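Both ligands and their constituent atoms are indexed starting at 1 by order of listing. As the structure is a computational prediction, the values presented were derived from the model and not from experiment.
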Amino acid sequence: MVVEPKVKGFLCITSHPKGCTKNVENQIEYVKQKGAMKNGCKTALIIGASTGYGLASRICAAFGCNADTIGVFFERPADPERGRTASAGWYNTVAFTKKAEEAGLYAANINGDAFSDEIKQKTIEAIKNSPSGKVDLIVYSLASPRRTDPKTGETYKSVLKAVGEPARNKSLDTDKGQIVEVTVPVATEKEISDTIKVMGGEDWELWIKALDEAGVIAEGCTSLAYTYIGPKLTYPIYREGTIGQAKKDLEKAAERIDATLKIHRGKAFISANKALVTQASSAIPVVPLYISILYKVMKEKGIHEGCIEQIERLFSTQLYNDNCLNYQDDGLVHIDDLEMRQDVQDGVFGLWDKIETSNLKELTDFEGYQKEFLKLFGFGLEGVDYQEDVEI
Ligand code: NAD
């Protein structure tokens, strides 16, 4: 069938199999061109491996380090009878696996709820079946709206709300291309603790415990997770909001996981990454407008990066190639350094107050934002014939 984008709010409910394939191939090509990394990982487990930062991590492990990979994700297969495409992460994974296998690499895929005990056990089996039988890199890159606690069966939902007082700011209605004023309401104590339960560090620790008990953690193993800090302008909705509280919990978990991995002469850390268009970030109020302005400023300065450029830089300049992690005063590793550069932030804030619907196209890179958003679902890639009938 001919597959077209069907955007509903911050979701696109269709994905293009050939476009997603092309998107993955472009990322693989980028990493290969950057060259092989010295002393890279040998077997990597990526939890949240099918899109965004997790997919980029898997590609860097496989094609930068020549590593076997085990990917965990939650994706939907196609339903050809009802004309429903698979989710983008599904097609991404098919494309990744084909390329990895062609390169002679082991690539195991576990599709299911990463928060469950069952998926953890299936993953352990896949690690045991891998050539080395152990993992020396564990990337925790989940972004999920809900989590069912495996011990109690209770389901928690994360919310994107403010803490203490409501957050008022400009935002971008990405459907209508209009600037709107939003008031993000204050979360209740339960909403805060539920968001921490979903996006905090508890599940990451459960993963490490399960892997450790199964004896599949290799000597010198590194584990990392991703956070976002950003500028003060987005603090009320991000860093100081419910999601930020969960991220602070994740950061505390990193310290405990670091202690566990030290026993294996390994380490755990958190990398603060750049704000980018992904399926997860498009759902956050204020952030799409901030990203649209940030992209304009960073592209003008020639320093714009996407997920693959960010993770390749993290891997090649800090994690591997005999380099050291560059911890900052806050205890985190930062690859958001270009985003947070003073001249970049001055550029963003110089524009922020001036933006209105009438000058949105001129003063921001909303066009680039929209293109990136569609690219997440395999649309708008060069070299793909979108009029062609494709097998879904
Ligand atoms: P994403 O939506 O692109 O990817 C999320 C991944 O998690 C997908 O592979 C998805 O299949 C998987 N997943 C979700 N729920 C799952 C479940 N229950 N079981 C198994 N897999 C599940 O998100 P992203 O933006 O790449 O975010 C990844 C991490 O990076 C998050 O921790 C996020 O906070 C962080 N981060 C994102 C940004 C940004 O701007 N996008 C910036 C800094 C840090």
Side-chain angles (χ1 to χ4, degrees), residues 10-12 15 20 23 45-59 70-76 86-93 96 109-120 122-123 139-150 155-158 160 195 198-201 203-204 207 224-230 234 238-239 241-244 246-251 253-254 270-284 286-288 290-291 294-295 305-308 310-311 314 332-336 339-340 369 372-373 375-377:
F10 47 79
L11 264 184
C12 179
S15 326
C20 289
N23 203 359
L45 166 62
I46 317 289
I47 303 155
S50 53
T51 56
Y53 276 117
L55 173 64
S57 308
R58 190 175 196 186
I59 291 173
I70 295 98
V72 181
F73 46 82
F74 212 173
E75 298 296 346
R76 185 192 69 231
S87 55
W90 179 281
Y91 293 135
N92 291 342
T93 303
F96 169 87
N109 297 309
I110 321 283
N111 188 23
D113 183 8
F115 297 124
S116 68
D117 288 340
E118 182 203 345
I119 290 298
K120 290 183 175 72
K122 277 193 179 165
T123 305
V139 179
Y140 189 80
S141 185
L142 288 184
S144 174
R146 68 185 68 80
R147 170 177 171 225
T148 300
D149 185 318
T155 298
Y156 299 87
K157 285 187 181 158
S158 67
L160 291 161
T195 305
V198 180
M199 286 297 286
D203 181 60
W204 185 19
W207 267 101
L224 65 138
Y226 300 127
T227 194
Y228 181 66
I229 309 283
T234 60
Y238 201 96
R239 188 64 183 164
T242 46
I243 179 73
K247 288 296 184 187
K248 284 172 196 165
D249 186 73
L250 185 81
E251 289 157 26
I270 302 268
S271 170
N273 298 0
K274 179 189 176 189
L276 285 175
V277 184
T278 64
Q279 293 185 37
S281 69
S282 51
I284 309 175
V286 185
V287 169
Y290 171 72
I291 290 180
L294 181 72
Y295 277 24
E305 292 176 312
C307 288
I308 198 70
Q310 279 268 288
I311 302 302
L314 173 69
L332 310 178
V333 164
H334 284 260
I335 46 163
D336 60 355
E339 170 184 353
M340 299 312 292
Y369 179 94
E372 280 302 311
F373 178 78
K375 241 169 91 178
L376 299 175
F377 303 92

**Results of ring-ring contact (aromatic ring centres under 6.0 Å, His included) for F73 - residues two or more places apart only** =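 Applying ring-ring contact (aromatic ring centres under 6.0 Å, His included) to F73 gives none.
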**Prompt:** Heavy-atom distance under 4.5 Å between the side chains of T51 and N92, does that happen here?
**Reply:**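 Counting from C-beta outward, T51 and N92 do come under 4.5 Å.
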Within the 3.5 Å criterion, strictly below it, is a donor on [X] or [Y] matched to an acceptor on the partner's side chain?
X    : Y   : answer
E75  : S50 : yes
Y226 : S57 : yes
N23  : Y91 : no

**Asked** Under a 4.0 Å heavy-atom cut-off, which residues neighbour ligand 1?
**Response**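 The 4.0 Å shell around ligand 1 contains G48, A49, S50, T51, G52, Y53, F73, F74, E75, G112, D113, A114, F115, S141, L142, A143, S144, Y226, T227, Y228, Y238, K247, N273, K274, A275, L276, T278, Q279, A280, S281.
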**Request:** Look at K247 together with E251 and state whether they make a salt bridge at an N to O cut-off of under 4.0 Å.
**Result:**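 Salt bridge absent between K247 and E251.
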